[in-house]
Protein chains: 2
Amino acid sequence: MATISDVAREAGVSRTTVSRYLNGQLNDSSDKAQRIARAIAELRYHPNLLARSLRSATTRSIAVIVPDLSNPFYPTLLSAIEARLAQHGVQVFVGQSGDDARREPTMLQDYYNRRVDGMIYVSATSEPDPVLRQIAKSIPVLMLDEQVTGFSDATIRVDHERGVYQATKYLLDLGHRHVTYLAGPRHLTTTQLRLRGFETALAERSLTDATEVIYGSYTMEAGRLWAQRFLENLERGPTAVICANDLVALGVHRTLTENGIVIPNFLSIIGFDDIFVSSLVSPSLTTIRQPFEQFGQVVSERLVEVLHGGTLRDSPMILAPELIVRESTSPPRP
Amino acid sequence: MATISDVAREAGVSRTTVSRYLNGQLNDSSDKAQRIARAIAELRYHPNLLARSLRSATTRSIAVIVPDLSNPFYPTLLSAIEARLAQHGVQVFVGQSGDDARREPTMLQDYYNRRVDGMIYVSATSEPDPVLRQIAKSIPVLMLDEQVTGFSDATIRVDHERGVYQATKYLLDLGHRHVTYLAGPRHLTTTQLRLRGFETALAERSLTDATEVIYGSYTMEAGRLWAQRFLENLERGPTAVICANDLVALGVHRTLTENGIVIPNFLSIIGFDDIFVSSLVSPSLTTIRQPFEQFGQVVSERLVEVLHGGTLRDSPMILAPELIVRESTSPPRP
DNA sequence: TAGTATTTTGGAATCGATTCCATAAGGGGT
DNA sequence: ACCCCTTATGGAATCGATTCCAAAATACTA
């Protein structure tokens, strides 16, 4: 493997000059530049990025930490982020915490030890960890979606509250009076924000009685479980359900369909995220869309900005959700 | 940021000794080990992995290159790979080529310049590139799914031919005689292998007449396009279609459903991959499953084996596909 | 044309670890 | 008590680039 010294020798200049050439600090038309270019081509030289990074203290790499890539929400996000950052020559480590908050500090530390220039972090908890706190002092750590206490400034998220508010209002306008909210894990800020949207919409119409909130997880299984119970006591059940996310909604959707319950006539369902699947099931899912593309774009731009020497603005960024009305919602059964 | 020298000074030993301690070459119960441990904790020392890697010529990182993360097939694969490798302390770069074969050599080179210990590469082409050839000489490059000419030994893939053979046979056994095969891009080996399975099954029954093969891409759009044409001449069309992958099948599925065609009564559909969505659409999709988990496991294990000093065995690995019969297939319309 | 300012250039130091090699210390055997 | 063998330890070299700084070359000004 040719090194910069080999190139320097071959071109009859010093390492320093070659380094300058590589970093565009050398007049390209100069005689030396020509010789260096020829030497590089001849020796098939490619710089060792480890060496470069060690000295220059910048790696042009970042880490993306998500709970679980098998939830389609995250690959969609990851795809948008990777595509954007690649345009800026930034490469991406990806890691899954397995939704286990205890593993996250170790992961953060490991990537930091590789000297990534920044991180994009979807936490499985809202509890801030000392490791995170420490790392965030020296590199930008953007948090997506879930807001970690004390880091709201670095958070980029959708307006969870508004999204659920809109969805709830939409159901109420259709005439629903008995609505269940299938929330995510109780301790997450996403859960709490979304819940607030639900409650606000109900409060506006003084309708807090015939509704209920059930905590669960962001999985299909959670939806299935609830649907099982719903089936046991059909007539007394709600006429609509708003789910923590699309996966939960799909769990409900599938279980009810398997049991011959007609959606939306008997039960209206609304999800959150608008993952790929949601438009494909039948009836297709009414849901609150998270603007993935915009996420990827905003996140990458803010990160690139910082990498180019800018500072992280100290304001949270809150994107607008959009209620996508499809086939899984209708006026309530009589 | 504390360095190894700081630890050495604090513990009153040399850098070398600290390094040995870090690499488990020091008696843990020794007096010095105790002092070093204390110094590390006190200074909150974490090794700079760039420096370590530069010297030791191993990074404990690999790159995964896929065409496109928005095709659910790849995140599923990536998830399995990342999870397994994380257990071995190996971290993962991920990159998308955007299905553009011209970008791949650059990507390969970029990751190589970071001195990844290996790569997992799903090529968008079967044409081998000189860059790939060069890199594969010094680090293991495992190819998944698509087989690059000259690299069959490093390929891990499902038995494409057998999968489609089984699916075709299944349709013929149901009584279908007019079957269309919606193939992927013509130049890919996956396409050709799968096609061979189709043709073998037909040939066995001397049924090559009333069937046809159409080349396209691995996208929903390709399925949609074909379905449009199918709709224009319903009665003359085939009674069953085997699709290049699930996305294509879903494109067909959706378009026909939107137009009131009943699946499977009027047209049977079979996909390939068994992505998450396929079990959720209605009617659910009969498909040829790729064993994702096994992929992740096998790939990671082979890679880890090499990283631990083993050599890449020189035999391709071919996994067994499984025909998952669901609701999108039935005997043909009369 | 001399003198100063600016740009080019390269030698040496540096980033932070591991590895090489020589030396010191400990352990057994006679 | 002596010698040999093994183990423990640290100083110096090394990985391959960038960056610092001083010297050389060039350009500019009066």
Write down the protein N/O and nucleotide N/O pairs, taken from nucleotides 8-10 of chain C, whose separation is under 3.5 Å; answer none if there are no such pairs.
residue: C/dG10; atom: OP2; partner: A/S14; partner atom: N; Å: 3.3
residue: C/dG10; atom: OP2; partner: A/S14; partner atom: OG; Å: 3.3
residue: C/dG10; atom: OP2; partner: A/T17; partner atom: OG1; Å: 2.4
residue: C/dG10; atom: O6; partner: A/R20; partner atom: NH2; Å: 2.8

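For the atom pair CG of B/L50 and OG of A/S56, the computed distance is 9.0 Å after rounding to the nearest 0.5 Å. Atoms CD and CD, on A/E82 and A/Q87 in that order, are 9.5 Å from each other to the nearest 0.5 Å. In this structure, A/D153 CG and A/L142 CG are separated by 11.5 Å, a value rounded to the nearest 0.5 Å. Of the inter-residue distances, the one linking A/D145 atom CG with A/L77 atom CG reads 8.0 Å to the nearest 0.5 angstrom.
Taking the 5' to 3' direction, DNA chain D first and last meets chain B under 4.0 angstrom from a heavy atom at D/dT9 to D/dG16.
In this structure, B/Y111 and B/F93 have tilted ring planes: the angle between them lies in the 30° to 60° band.
Residues from residues 43-56 of chain A placing a heavy atom under 4.0 Å of any atom in DNA chain C, listed by number, are A/L54, A/R55.
A/T190 and A/Q147 share no side-chain donor-acceptor pair at under 3.5 Å. A side-chain donor from one of B/S14 and B/T17 sits under 3.5 Å from a side-chain acceptor of the other. In summary, the side chains of B/S19 and B/T16 do not present any donor paired with an acceptor at a separation below 3.5 Å, with no hydrogens or angles considered.
The backbone N or O of B/R115 lies less than 3.5 Å from a partner atom in the side chain of B/T59, making a donor-acceptor pair. In this structure, A/R84 contributes its side chain and A/V298 its backbone to no donor-acceptor pair below 3.5 Å.
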